[in-house]
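Contents: one structure, followed by commentary.
The sequence lines fix the lettering, A, B, ..., with proteins before strands; numbering per chain opens at 1. What you see is a predicted model, and the numbers here were worked out from it, not measured in a lab.
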Protein chains: 2
Amino acid sequence: MLARMPDSEASGLTIGQVSERTGLSVHALRFYEREGILAHPVRRAAGGRRVYAERDVEWLSVCVVLRASGMPLPDIRAYTDLVRQGPGNEEQRLVLMRRHQERVLEQMARLSESYDLISYKVRLYEDVVEQAGEAHAC
Amino acid sequence: MLARMPDSEASGLTIGQVSERTGLSVHALRFYEREGILAHPVRRAAGGRRVYAERDVEWLSVCVVLRASGMPLPDIRAYTDLVRQGPGNEEQRLVLMRRHQERVLEQMARLSESYDLISYKVRLYEDVVEQAGEAHAC
DNA sequence: CTAGCCCCTAGAGGCGGCTCTAGGTCAACC
DNA sequence: GGTTGACCTAGAGCCGCCTCTAGGGGCTAG
């Protein structure tokens, strides 16, 4: 009745549980795995079921943040590859992260510019609506 | 030799000129027109060529900002429809704009959260790379 | 024993937003 | 009169990122 845990291992998570914790759909999780966006291969239980560990959830949570800030999947994949290879390539990881950092900064700048125009429009329409309301009141 | 102006009318712009000024591709401009994202129908010159006015450029520039901040085309289209209908529906425009304003705020919040994680990672790798450099120096 | 549920694979499908192609018109210059 | 170049239409294609389908396995509760 409860979600079946693989052998009731404490840190063995089903794909459904990982889906809930990361906010990624079950489909997306399988898709990400195919795309190589997992630093470590997932273990499999009987019947081929995926068994995730806590660190997978942590890693995927990082990926969610990267995605949410617009990092393309190929870049996330490249980053994952570097992490999978282990220590020694921090310079390359740094390059990737810095590039993304700049992109995010640009995005924020563009967004706040857009925000100005949008706020201007909102104020404008607020005024018009308010005045129309007064006219009705007369 | 020079871009042919329709009858050398001062405010008659070709699609190519509008493309340059708005940053939208010629293809995108035609696509937007089909999608109803023009507050006024474009005039046509001989041979069916589009003749844009300055106000079209202004309108499209607004649309570019809306797109850049993630407003979906259907919403932009709805907004365009309201504007095309003329004064009297400012309340509805206000609703649209406020909704988008909130979306943009959310986006900015999410982005800056993401930015924190990314900056953290950058600092981390900077430290690692620096220490590795020192180790080499020894 | 069967209904319900979660899981599996491989691959198709969908959506948003363009982008490009094919095939053609027209005006201008050489 | 041929070439160039910007434009036209209708519609196909593409890219990123999932999302869903078909067809099947297997545990567990009632």
Check whether any side-chain N or O of A/Glu90 sits under 3.5 Å from a backbone N or O of A/Gly88 as a donor-acceptor pair, and report yes or no. yes
Looking only at the side chain of B/Phe31 (C-beta and beyond, no hydrogens), which of the listed nucleotides D/dT19, C/dC18, C/dT9 gets closest? C/dC18
Does A/Asp81 have any salt bridge (Lys or Arg N to Asp or Glu O under 4.0 Å) partners at least two apart in sequence or in another chain, and if so, which? A/Arg84
Listing request: all side chain to side chain donor-acceptor pair (under 3.5 Å) pairs with a residue in residues 22-31 of chain A, at least two apart in sequence or in separate chains. none
Check whether any side-chain heavy atom of B/Asn89 lies under 4.5 Å from a side-chain heavy atom of B/Val83, and answer yes or no. no
Between residues 55-72 of chain B and DNA chain C, which residues have a heavy-atom gap below 4.0 Å? B/Arg67, B/Pro72
Check the distance between C/dT19's C1' and B/Leu24's CG and give it to me in whole angstrom. 13 Å
As a test of reading the structure: which of D/dC18, C/dT19, D/dT9 is closest to the side chain of A/Ala28, going by heavy atoms? D/dC18
In terms of the nearest nucleotide of DNA chain D, which residue is placed more toward the 5' end: A/Gly47 or A/Arg30? A/Arg30
D/dT19 P sits how many Å from A/Ile15 CD1, rounded? 13 Å
Residues passing the side chain to side chain contact (heavy atoms under 4.5 Å, CB included) test with B/Ser69, sequence neighbours excluded, are A/Leu111, A/Ser114, A/Ile118, B/His100, B/Val104
Salt bridge (Lys or Arg N to Asp or Glu O under 4.0 Å) against A/Arg55, all qualifying residues, sequence neighbours excluded: none
Just to confirm, is there a sub-4.0 Å distance from OP1 or OP2 of C/dC7 to any side-chain nitrogen or oxygen of A/Thr14? yes
Would you kindly give the CZ-to-C1' distance between B/Arg34 and D/dG11, to the nearest whole Å? 8 Å
So, is A/Arg50 near the phosphate of C/dC7, with a side-chain N or O under 4.0 Å from OP1 or OP2? no
If I take atom CG from residue B/Leu24 and atom CZ from residue B/Phe31, how far apart are they, to the nearest 0.5 angstrom? 11.0 Å
Spacing of A/Glu35 atom CD relative to D/dG16 atom P, expressed in whole Å: 10 Å
Applying side chain to side chain contact (heavy atoms under 4.5 Å, CB included) to B/Pro74 and not counting sequence neighbours gives B/Pro72
Nearest to the B/Tyr32 side chain among C/dC18, C/dC7, D/dC8, which nucleotide is it? C/dC18
Partners meeting salt bridge (Lys or Arg N to Asp or Glu O under 4.0 Å) with B/Arg110 (sequence neighbours left out): none
Starting at atom OH of B/Tyr52, determine the distance to atom C1' of D/dA6, rounded to an integer number of angstrom. 13 Å
How close or far is atom P of D/dT9 from atom NE2 of B/His27, stated in whole angstroms? 13 Å
Across all chains, not counting sequence neighbours, the salt bridge (Lys or Arg N to Asp or Glu O under 4.0 Å) partners of A/Glu33 are A/Arg44, A/Arg50
Is there a donor and acceptor pair, one atom on the side chain of A/Arg49 and one on the base of C/dC6, closer than 3.5 Å? yes
Let me know the distance between CD1 of B/Ile37 and C1' of C/dC18, rounded to the nearest Å. 11 Å
Within residues 73-80 of chain A, the residues having a heavy atom closer than 4.0 Å to DNA chain D are A/Leu73, A/Pro74
Interatomic distance where CZ belongs to B/Arg44 and P belongs to C/dC26 [whole Å]: 14 Å
